[in-house]
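Here's the structure we're looking at; comments come further down.
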Amino acid sequence: MKHLRTDASEALRSKLRRLIADDAENMDEALAYDLEAQIILGVRAGFLSIDEIAEEGMEYISQEYPKVKNHISAGALQELVKGYWDEYANAGKQENYLKLACAFQKLNEQGIVALHCAGYVQSDGFDDCNEIASDMYENGENVIGCCFYTFQDLEHVLNEYTTKLRISFGNYFDKPTAVEVGTMIVKELEAAGFVTEWKQSADEKIAIKDMIWDKVYETNGNVFLQQFSETERSDFIIEHGVLKKYTGSDETVVIPDGITEIGPWAFKDCISLADITIPDSVSTIQYTAFSGCTNLSGVVLPDRITEIESWTFCGCSSLTSVVLPKGLKKIGVGSFMQCTSLVDITIPENVETICSAAFAGCRKLTGITIPDSVKSLDGTIFNGCTALASLILPANKYQISDVFVLSIDSKTLLFCIPGLATGDIAIPEGTAVIADNAFVGCKNLTGIHIPDSVKTIGNAAFYGCNGLIHLTLPAKVRKIDEAAFQMCTSLADLIIPDGVRKINKWTFCGCTSLKNVTIPDGVRKIDKKAFEDCDFTRLTICAPAGSYAEEFATENKFSFSAIPV
């Protein structure tokens, strides 16, 4: 490990050597070198206190050099760390870190779990993010993806191996895709003032170029960069016709005429806001503009607006009345998510796109009419709309059969009508494909009969069906996509059909009641994350002796039970 500064005080190094050995002959140079490097990295990173760095140092010595531990006193090591702190700790305004912290805060507000220094390697970071995301989902909170950098990523910058801080990322649903989540991350990083490097690939990290790390350890927590300055003269911060921020606390607000754009987060979490008047001059309302305005009861959008951007009214739990403009073309991701008081809404005739999770969690929404102009729909749009029982769709594009929305040829089950999806239900005969997200969040389902005609089960098709107990997959199923049964926490037994060749990642992730999964001899690939967050103490893989499934079970320490071929 490379030292960060070649001019470090020789007095500190001498003190370190005296600390770990009684005389020069007993000096372990490797320990001295590694311990100094670890202390300096801890100090320069700016996340840990002197006490915490000293504790990590003692743990390192105990694990790697246990025979040396008896030579070292915790108090002496703490005093040594203080010396390195005085020599190496960052000082000043920590402008780069605060810009990064602000960007991460805004990503968290959009449902992207953004973590600083998440573990040492990438797998640690994904584990931390997944744990937080799972809790958020269970609590009904908005979560679509994650991003983070690890201590190893930061270490490469601090050791001057690279000038790029690399950001890992991912998505939690089929929509938005990982690339779309990555695009949102890049947008916030660049808005904060960073220059990024990314080839728009889900397999490549996003790099912040020319990163100079300047985080200062703060005993009172992080101080986030204040994006907006407030003045005593006005409750509106306006730049070139864009309303950047509302800083007041009035219940009734009239936006000044002449404003053409309402910026992102302009009214976010204004809990006093109950009534808003938006002038006709406004043509754009940016993402998350009114998110978290929990007392906002009604809104009329100007006719110039053609798109409601992502999360615009997310979490407006008192919103009962929305008048959408006639020229509206697109309703973005999560636009009205968790608007729990919304009973009905009229979709204008010109709307072409309704994005994923647009009305998710609107549990009082009882009915909605989708105009002919809408090109496609998916199950996430009405996820958690448990009162939705009346759904009128274009007759030339969709069929409604009982509780199901099907393609016009009846071959694809697109999604289930949430308010009608209770108890045990049967998918219509002739269905060949269960689409992505078809039953996502249908928590009141206890059993599903799948006909023999079904061959494909899409991504996250049964995600979050935590009441689902009874499920038999028909013999003709050939493909089960990623996360198909993720978070089906009541599912105990499942038999994989003979025609399936691969079990994808997260297929049974979080299926905590799963006891027996029968896997046929024909399966040739099981992703390592297929059974992530299952209870390994109760789960048994049942498969023919000598099969790939037995090999997988042995390698991953699952219980195995041989079955006849």
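What's counted below: heavy atoms across the whole structure, side chains too, no hydrogens, waters or symmetry copies. Here, residue 1 is the first one in the sequence, and each next residue gets the next number. Source: prediction; values computed, not measured.
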When you look at V343 and T366, which way does the side-chain contact (heavy atoms from CB on, under 4.5 Å) test go after all the steps?
CA-CA 6 Å; V343 176; T366 58; 4.0 Å; yes
Do you know which of F313, W311, W265 makes ring-ring contact (aromatic ring centres under 6.0 Å, His included) with Y287?
W265
Take D481 and T507, measure what side-chain contact (heavy atoms from CB on, under 4.5 Å) needs, and give me the verdict at the end.
CA-CA 7 Å; D481 282 333; T507 299; over 6 Å; no
Sidechain-backbone polar pair: S341 side chain, T320 backbone, donor-acceptor under 3.5 Å:
no
Distance-only, no hydrogens or angles: does the T431 side chain make a donor-acceptor pair with backbone N or O of V433 under 3.5 Å?
no
Close side-chain approach of L391 to I368, heavy-atom, < 4.5 Å
yes
Do the ring planes of Y97 and H116 sit parallel (below 30°), tilted (30 to 60°) or perpendicular (above 60°)?
tilted
Consider only side-chain N and O atoms of D250 and T252, and report whether a donor and an acceptor are under 3.5 Å apart.
no
Do T380 and N383 have side-chain atoms, one donor and one acceptor, less than 3.5 Å apart?
no
Any sub-3.5 Å donor-acceptor pair from T247's side-chain atoms to D235's backbone N or O?
yes
Does D210 come within less than 4.0 Å of K164, counting only side-chain N to carboxylate O?
no
Side-chain contact, heavy-atom cut-off 4.5 Å: I255 with F267?
yes
Could you check whether S168 and Q122, counting side-chain N and O atoms only, form a donor-acceptor pair closer than 3.5 Å?
yes
Under 3.5 Å, is there a donor-acceptor pair between the side chain of S291 and the main chain of C314?
yes
Sort out for me which residue in V143, D128, L107, N130 forms a side-chain contact (heavy atoms from CB on, under 4.5 Å) with V113.
V143
Drop me the distance from M184's CE to E180's CD, to the nearest 0.5 angstrom.
9.0 Å
F148 ring center near F126 ring center (under 6.0 Å)
yes
Quick one, F104 and L115 - any side-chain contact, counting heavy atoms below 4.5 Å?
no
Do the non-hydrogen side-chain atoms of V179 and W198 ever get within less than 4.5 Å of each other?
yes
Is the centre of the F415 ring less than 6.0 Å from the centre of the F439 ring?
no
Determine yes or no for a side-chain-to-main-chain donor-acceptor pair under 3.5 angstrom, with D527 supplying the side chain and K529 the backbone.
yes
Hey, could you give me the NZ/OG1 distance between K375 and T353, rounded to the nearest 0.5 Å?
6.0 Å
Contact summary for A389 and I417, nearest pair of heavy atoms:
CA-CG2, 4.3 Å
Are the side chain of E204 and the backbone N or O of Q200 linked by a donor-acceptor pair below 3.5 Å?
no
Kindly compute the distance separating OG1 (T177) from CD1 (I144), expressed to the nearest 0.5 Å.
10.0 Å
Would you check if D280 and R304 make a side-chain contact, meaning some heavy-atom pair closer than 4.5 Å?
no
Identify whether NZ of Lys or CZ of Arg in K205 sits under 6.0 Å from the centre of the six-membered ring of F169 and within 45° of that ring's axis.
no
When rounded to the nearest 0.5 angstrom, what is the spacing between CG in L158 and CD1 in I212?
12.0 Å
Got a donor-acceptor contact below 3.5 angstrom from the T422 side chain to the L445 backbone?
no
Output the distance between atom OG1 (T196) and atom CD1 (I185), rounded to the nearest 0.5 Å.
11.0 Å
Heavy-atom donor-acceptor pair, D436 side chain to D378 backbone, under 3.5 Å
no
Side chains of E251 and S272: do they bring a donor and an acceptor to under 3.5 Å?
no
On the 0 to 90° scale, with breaks at 30° and 60°, tag the F47-W213 ring pair as parallel, tilted or perpendicular.
tilted
Indicate the atoms forming the closest heavy-atom contact of P176 with V333, along with that distance.
CD-CG1, 4.4 Å
Short question: side chain of D153, backbone of Y149 - any donor-acceptor pair under 3.5 Å?
no
Flag the pair I331 / I347 as yes when at least one side-chain heavy-atom distance between them is below 4.5 Å, and no otherwise.
yes
May I ask you to check whether E141 and Q338 show a side-chain donor-acceptor distance below 3.5 Å?
no
Going by heavy atoms in the side chains, are Y172 and C146 under 4.5 Å from each other?
yes
Tell me the closest heavy-atom pair linking P371 and P348, and the distance in Å.
CG-O, 3.3 Å
side-chain contact (heavy atoms from CB on, under 4.5 Å) between K209 and L165, worked out
CA-CA 7 Å; K209 299 177 68 175; L165 180 63; over 6 Å; no
Please check if the number of heavy atoms outside K397 that lie under 6.0 Å from its NZ is greater than 12.
yes
Does the pair Q399 and S410 meet the rule for a side chain to side chain donor-acceptor pair (under 3.5 Å), with working shown?
CA-CA 7 Å; Q399 287 193 50; S410 301; 2.8 Å; yes
Are I278 and F290 side-chain neighbours, meaning at least one heavy-atom pair lies under 4.5 Å?
yes
Heavy atoms only: give me the nearest I503-A530 pair and the separation to one decimal.
CG2-CB, 3.9 Å
Could you check whether atom NZ of K455 has more than 12 heavy atoms from other residues, nucleotides or ligands sitting under 6.0 Å from it?
no
For the residue pair C316 and L296, what are the closest heavy atoms and their distance?
SG-CD2, 4.5 Å
To the nearest 0.5 Å, tell me how far S318 OG sits from I271 CD1.
11.0 Å
Could you report the tightest heavy-atom contact between E532 and D127, atom names first, then the distance?
OE2-OD1, 4.4 Å
Taking everything shown except I408 itself, do over 12 heavy atoms lie less than 6.0 Å from its CD1?
yes
Could you walk me through whether F462 and I448 pass the side-chain contact (heavy atoms from CB on, under 4.5 Å) test, one step at a time?
CA-CA 10 Å; F462 296 95; I448 299 175; 3.2 Å; yes
Are the side chain of S201 and the backbone of D203 linked by a donor-acceptor contact shorter than 3.5 Å?
yes
